[in-house]
Structures are given as C-alpha cells and as structure tokens.
2 protein chains.
Amino acid sequence: MAHRAEGRRMSDVTLKDVAVRAGVHVATASRALDPQRRHLVNSETRQRVETAAGELGYRINVLARSLRKGSTGMIGAVVADLGNPFLPPMLRGLEEVLGPRGYMTAVSETHEDPETFRRVCEQLIARRVDGIVVSAAHVGDSDFISTLEKSLPVVLAVRRVSGGGHHTVTHDDVLGARLVTEYLAGLGHRRLAQLRGPEDVSSFAGRARGFQEVVAEHDCTEIVAHDRAGAPTTDEGKRLAAALLTADVGRPTAIFAHNDLMAIGALEALGEAGLRCPEDVSIVGYNDAPLTAHVTPPLTTVRLPSNALGRRVAAMMLGQLDQHKEPPTTVALEPELVIRASAAAPARDRAAG
Amino acid sequence: MAHRAEGRRMSDVTLKDVAVRAGVHVATASRALDPQRRHLVNSETRQRVETAAGELGYRINVLARSLRKGSTGMIGAVVADLGNPFLPPMLRGLEEVLGPRGYMTAVSETHEDPETFRRVCEQLIARRVDGIVVSAAHVGDSDFISTLEKSLPVVLAVRRVSGGGHHTVTHDDVLGARLVTEYLAGLGHRRLAQLRGPEDVSSFAGRARGFQEVVAEHDCTEIVAHDRAGAPTTDEGKRLAAALLTADVGRPTAIFAHNDLMAIGALEALGEAGLRCPEDVSIVGYNDAPLTAHVTPPLTTVRLPSNALGRRVAAMMLGQLDQHKEPPTTVALEPELVIRASAAAPARDRAAG
DNA sequence: ATGAAAGCGCTAACAT
DNA sequence: ATGTTAGCGCTTTCAT
C-alpha cells in the first residue's frame, strides 16, 4: 500500500483509475466488474472496463467493499492445535462447502490456551468475519460462546460446551467409547482401565462416560488410575499406563486410551514392564491417526468421520448466514471401530482371576 | 452486521455511539481508545470513553481502520497441506514472532493444486493482507511469485522456486539427503535406491540431488525406480518399493524414502515380499513425523528445525514490513539425522554381492 | 445505460 | 486537550 512503497504498487490501482482509463464513471466500472450486476451495463462498455482493469492490474479492495456491504465473506475457524489428526479433513470439509458459496476460511490456533482463545475470537469479530467455527472450546466456555453469538453466527465443531443451546456438530464420543468398551468386554475382558484426556474437553468427557456406562452394564471392573493426563500425549499415556500396570489392586487386562498418542505411550510402558500387547494387556486407541496401522502391534482404534463433520458444520453455518433461523441443535456423528491387532481375548489364567 | 440481524447486534456499536455516550467527538474517542495516542487525551475523558465503550460492548471495526490506515495487520500463510507434520511447528514459529508485533496470521490451504494456489494468493491480496508467507510453491512458480512481490512483501518458506531472487527460508534438503546417504554408505551399503517425491517441489528435488551427490562420491550404485511418486504417500511408497525389490538389476540393500510416509510404505512392501528390515534392506525416512519412533522397526529419519524456520520466516517478513530493503536472500536451515533402528549394516553376503 | 452523491467506520491533518 | 474536516475505496440509491 501507498504508505510503504516509494512507487505505486499494483494493489494501489483503484477502481477510479480503471474508470478513468475506460472513460466511465466509477459506479459504472463497479457494475461492470461485479458478476452480479454486469448485466446492467452495456456489453461494449463492460469490455472497455474489463480491458482497463486488466491492463492496470486492478485488484478489488475487499476491505472497502466489505465496509460498504457490511459483510466480508470470511469465516474464521478457531482450532486448538493443528497437530490434531482430525483437523485437516474437517477443515477441508468446511472449505468444500463454504468455498463454492463464496466464503473464504481463515484458520487460527489457540494452542489450548483460554486467553489466546478469547483473543483470537475477539480479533476475528473485530475483523468482521461473517461467522466463526469454534473447534477449540472447553466445556466451561458456554457463556463466552453466548457472548460471541450476540455478535455473529457461531458453530461449535467437534467439542461441545456444557449446557447446550448452541449450534454444534460433534463426533459421538460416548458411542465411540461404547464401541471400544463393548468390543473389549465381548472379547472377555473384565478388568478394564481407561487413560483419560483432559476432562474440560467434551470429547474426553464423552469417552469417559461411554466407557463407564459399558463397564457398569457388563459388570466389569474399572481399574482407576489415580491420575489423568495433563495433555493427551505419548509421554502422558506412558506415565499413566505405567502406574496402572503396577496398581496394587492388580493390573487391568485391557486399556482404553482416549487417543492414539496415549495408546502408543501405553504400548511403550507395556514394553518396558516386560509385558506383551495384546497377549498380556490389550490396548485400544482413538482417532485413527496416521501411522497407527503401522505400529506394533497395529492399533485397534476408532475412526472419526471428520470430513463429513466439516461439511455438516459448514452447512449449519450457511443456515445461519442465510437467515434460516433454525434453533440451535447439536448433531453427533457416528464413529467407527477399526479392529486391528492391539486388542485380543485375555489370557485364560488372567480372565479366570 | 445490520444487514443480517433484525435487532442491533453488539458489533454494530460504532465509535460514534461511544463518542455520543461519552459526550465527546469521535476523534477524541478514537484517540482515547488507541494505545498509541491515548496520551493525547485527558485521562478523565479517557475514562469516560473507556467506560462508554465497555458498557456498549464496542468492538473496533478493523475493516474501517485498515481502509483508512492502509494496512491490515494481517499476514497470510499459504500452505499446501495441513497434514504435513512440519507445518504446525512452523506456523507456531510465525505466530510467536509476528504476534507480539501486532500481526495476526491466517492460514489457507492449496491442497497442492496450482489453481487454488493462485486463487488463494489473489484473494489474500484483495483482502489487503500486509504480507504473504508461501509454503506451497512449486519450482516453476517463480514468475508468479514475482508478480505477487509487485503487490506486497512475500517470503517463501520451506519450498523454494527455481531461479532464486526471492526472500526464502528453507530446510537444507541437499544436506539432509547427504546426511542420510553418507550414513548408509558408512554402514557399508553400496547398492542404494531412493523413493522420490514429486520433483516440482524443491524439497524433493533437493533430496534427490543430495542423494545422488553422495552416491557418486562413494562409488555406490543407484538402483533406479522407473517410476516416481505421484503424491508422497504410504501407498505410493509401497508401490515404488515393491517395484524396486523385484528390479531385474538386483535389489538395493538400502532405500532412502523422501518422506516418512513413503518409508512406512516401503516397510510394508518389504514385509509382503518376505524381507526383513533392517536385516535384508535398510530404510530411512524424512521429516521425523509423529509416531515414526513407534513403528517397527523404529524409523531412522531426518528431523527438521521447523519452529526455527517459522521464526526466521517471520523475521524476514518483518524486515520487509519495516522497510529494511534487504535484498532477497535464501537461508537454508540444517536438519539433523535421527538414528533409530531401520537402517543397519548390510548382511555380509549381500554386501559382497 | 450511465452519472451524481451519499456514506460504510474509522484516522489524520489541521484548526482552535 | 479537543473539535472539524476530509477521505480511505467501494457500493448503492436516486436521477437522468
């Protein structure tokens, strides 16, 4: 822009310049260049304007347009951590449906920090995005989300907040955990444990609940870890699993890790304890992250329909953008158990014990 | 915004509203709310303005501000695929240095599609971002990048383009490949092969070159795959490796895969051919992606200083933003060989062959 | 079919 | 220390 360059830069070419060169009024130039209104202008004039624009290297100033029109055509996507394997497919799903409708998606990270989360959201509102997709919420963020909703359309993706009342699309984490736990119980396991992720994230809370429901229904025993993961990482998984393996109430025959990283950590802990998977202890993960099929043993885990989730989120956003005043609903998409080799029937002697 | 809501929304509160409520002129309100100019206003008046702003839930309209000031405080980051493991740390590096300087980073994906690439860049320029970080370039994009540079500061990250002449920060891929290949040669391997990624991406081109340099220097033989990967995926790696293992010129004793996914694919191909790694064939990957330490055997690979790269990129961007007219330079950051278990000395009989 | 004029919300130069 | 005025680049009535 002018303030920074000595000479005029291409982006400094303005609609007025184009109009002058084409010998028309800016209003006409504006019409000629807008797909929506080009039919209002003589096709010959339009030609002239288009040529002029091309020759000058004109690029519309979306800032000015947005200011005038009151909308930016931007959707902000706020995610906790781009390292999460389900995010790329989800973001792609968003683009796939928002893009053709003329919206551009901009992704920002919070790194799971509440303050950054708020700052990023405020920032996006200040920039007048037309809507925000929040995939970084913690369960206690309900009031804050309500605040945001006073300013613009919001859709919660992946993570819900307590209380409901917001437009949200999540994975069905309770179901996912039930799938895992029922599979384990069906295999004959009775002494089960879970490696829990941070409970202020609805995904982990849901998995914990699904697990416990099934444990209760099948009269299994939950071997409880005294601790829970600070962050759901490989190291934390290893630490928690190690504690579990030496529990004074006896060790579990199967472990449900709330995500694949912790499952891999548990695998490591097993190895260091001289135990084998799945012969001595079965392990199941969650997310079906890349490469989980290639660890040893290949990890049984849960696959999430993340691309579909992104598309649903986008559809819900469009609903709000288009003024369909649908009441807030939360839809939960069904995950799928991927059976590989890290879980098997418990050894005879242990099952009997 | 007004056009979409029936009632007035919080974001529709304007500076004028604040000024009226505080009983001052908008200009005064503007000053009072700007950290840079608050000292120009009586502290008592400032109080009144701040209170009024707080009560009304005023949020500055960055669109209007940017239009007036001629800069947006936004930096666009254009990446090929968020699934790439080196991107999150790099993006974080960007934020870490750009954030404190008042810039916000917005990430967009191209999915490796040239048309999307151009569209996204144009879009960002239309939105008047202050600069673009391009991490999705193909080697032939030099002219296009030059075009962009006419409009705004550009820094190339990770991938360079042919011809040079742009501000760029990359990983030293030639060095990385040399590290791998020298390690392999040092182990005693003489019959080497590489699994090449798409050659229109500088990273892969560099790795191919480093590999071939060392092969020539150590009088090794490159067993050439007739094919190359369309996309550097596990499946492609498996396909290429399978072909290599049945090559009529005899199979290699070591394979350098241009990334970890292809290396894992090669591991699979080995397994299906009844061969063991590293006893029969050594395999080395690239990127040190998550979980590569946990596959069997743990993958020897190359670790990239991606966070540092992001920070350097940001610094280079700030240099341009701050008008230091440094000439375009390209800096290449050194990667590091991570020795695990997928590469070992070749078996005696094969080494002799 | 085109032009004139107003204004989106803000900041900067210039008064006072 | 505060108010006045102009204008960033565009779109949108309203005239013609």
Side-chain angles (χ1 to χ4, degrees), chain A residues 1-4 8-20 22-49 52-53 56 58-73 125-128 130 151, chain B residues 1-4 8-20 22-49 52-53 56 58-73 125-128 130 151:
Chain A
M1 320 227 154
H3 78 288
R4 114 163 86 67
R8 164 166 278 220
R9 299 205 159 196
M10 280 177 70
S11 312
D12 290 335
V13 176
T14 169
L15 187 57
K16 194 169 154 200
D17 300 325
V18 175
V20 168
V24 297
H25 191 268
V26 286
T28 307
S30 174
R31 294 182 190 110
L33 261 20
D34 180 352
Q36 316 288 321
R37 296 175 298 152
R38 48 190 298 156
H39 66 274
L40 295 174
V41 52
N42 185 305
S43 70
E44 188 201 308
T45 322
R46 199 177 67 210
Q47 274 303 349
R48 284 216 313 286
V49 174
L56 293 174
Y58 170 71
R59 266 117 155 196
I60 190 173
N61 186 330
V62 178
L63 247 38
R65 199 237 302 255
S66 300
L67 180 59
R68 177 65 233 241
K69 309 229 308 192
S71 75
T72 54
I125 292 180
R127 292 185 185 277
R128 295 305 191 266
D130 291 337
S151 297
Chain B
M1 320 225 151
H3 77 289
R4 117 163 82 68
R8 164 168 277 219
R9 299 203 160 196
M10 281 176 71
S11 310
D12 291 335
V13 176
T14 168
L15 188 58
K16 194 170 153 199
D17 300 326
V18 175
V20 168
V24 298
H25 191 270
V26 287
T28 307
S30 174
R31 293 182 191 109
L33 261 20
D34 180 353
Q36 316 289 321
R37 296 175 298 152
R38 48 189 298 157
H39 65 273
L40 295 174
V41 51
N42 184 305
S43 70
E44 188 200 309
T45 324
R46 200 176 66 209
Q47 273 303 348
R48 284 214 315 286
V49 174
L56 293 174
Y58 171 71
R59 265 115 155 197
I60 190 173
N61 187 329
V62 178
L63 247 36
R65 198 238 303 255
S66 301
L67 180 59
R68 178 64 234 242
K69 310 231 306 192
S71 75
T72 54
I125 293 180
R127 291 184 186 280
R128 295 304 191 268
D130 291 337
S151 296

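Chain letters run A, B, ... following the sequence lines, proteins first and then strands; every chain starts at 1.
Between D:dG9, D:dT11, C:dC10, one nucleotide has an atom nearer to the side chain of A:K69 than all others, and that is D:dT11. The nucleotide whose nearest atom lies closest to any side-chain atom of A:A27 is, among D:dG9, C:dT11, D:dT12, D:dT12. Here the side chain of A:N61 is nearest to one of D:dT12, D:dC10, C:dG9, namely D:dC10. Counting only heavy atoms from C-beta on, B:T28 has its side chain closest to D:dG3 among D:dG3, C:dT2, D:dT11. Checking C:dC8, D:dT5, C:dC10 against every side-chain atom of B:H25, the shortest atom distance belongs to D:dT5.
Of the side-chain N and O atoms in A:T14, none sit less than 4.0 angstrom from OP1 or OP2 of D:dC8. Distances shorter than 4.0 Å separate none of the side-chain N or O atoms of B:S30 from OP1 or OP2 on C:dC10.
Note: CZ (B:R68) to P (D:dT5) measures 16 Å, nearest angstrom. Going from atom CG of B:L56 over to atom P of C:dG9 covers 14 Å, rounded to whole Å. Between the CG atom of B:D12 and the P atom of C:dG9 there is a distance of 8 Å, rounded to whole Å. Look at CZ on A:R65: it is 14 Å from C1' on D:dT12, rounded to the nearest Å. For A:R127 and C:dG9, the CZ to P distance is 18 Å, given to the nearest whole Å. One can place CG of A:L15 at 18 Å from P of C:dA5, the figure rounded to the nearest angstrom. At whole-Å resolution of the value, CG in A:L63 and P in C:dC10 are 13 Å apart. Going from atom CG of A:L67 over to atom P of D:dG7 covers 17 Å, rounded to whole Å.
Rounding to the nearest 0.5 angstrom, the gap separating the CG atom in A:N61 from the CG atom in B:L67 is 6.0 Å. Atom CG in A:L40 sits 10.5 Å away from atom OG in A:S30 (nearest 0.5 Å).
Residues from residues 32-47 of chain A that place a heavy atom under 4.0 Å from any atom of DNA chain D, listed by number: A:R37.
Here A:V62 lies out of heavy-atom contact (under 4.0 Å) with every strand.
Counting atom types as modelled, B:R31 pairs a side-chain N or O with a base atom of D:dG3 as donor and acceptor under 3.5 Å.
The closest side-chain donor-acceptor pair between A:S151 and B:R59 falls under 3.5 angstrom. No side-chain N or O of B:T72 forms a donor-acceptor pair with one of A:R127 less than 3.5 Å apart.
Between B:V49 and B:V41, the closest side-chain pair of non-hydrogen atoms is not below 4.5 Å.
When all heavy atoms of A:Y58 and A:T14 are compared, the pair lying nearest together is CE1-C, 3.6 Å.
In terms of modelled atom types and a separation under 3.5 Å, the side chain of A:R48 and the main chain of A:A22 share a donor-acceptor contact.
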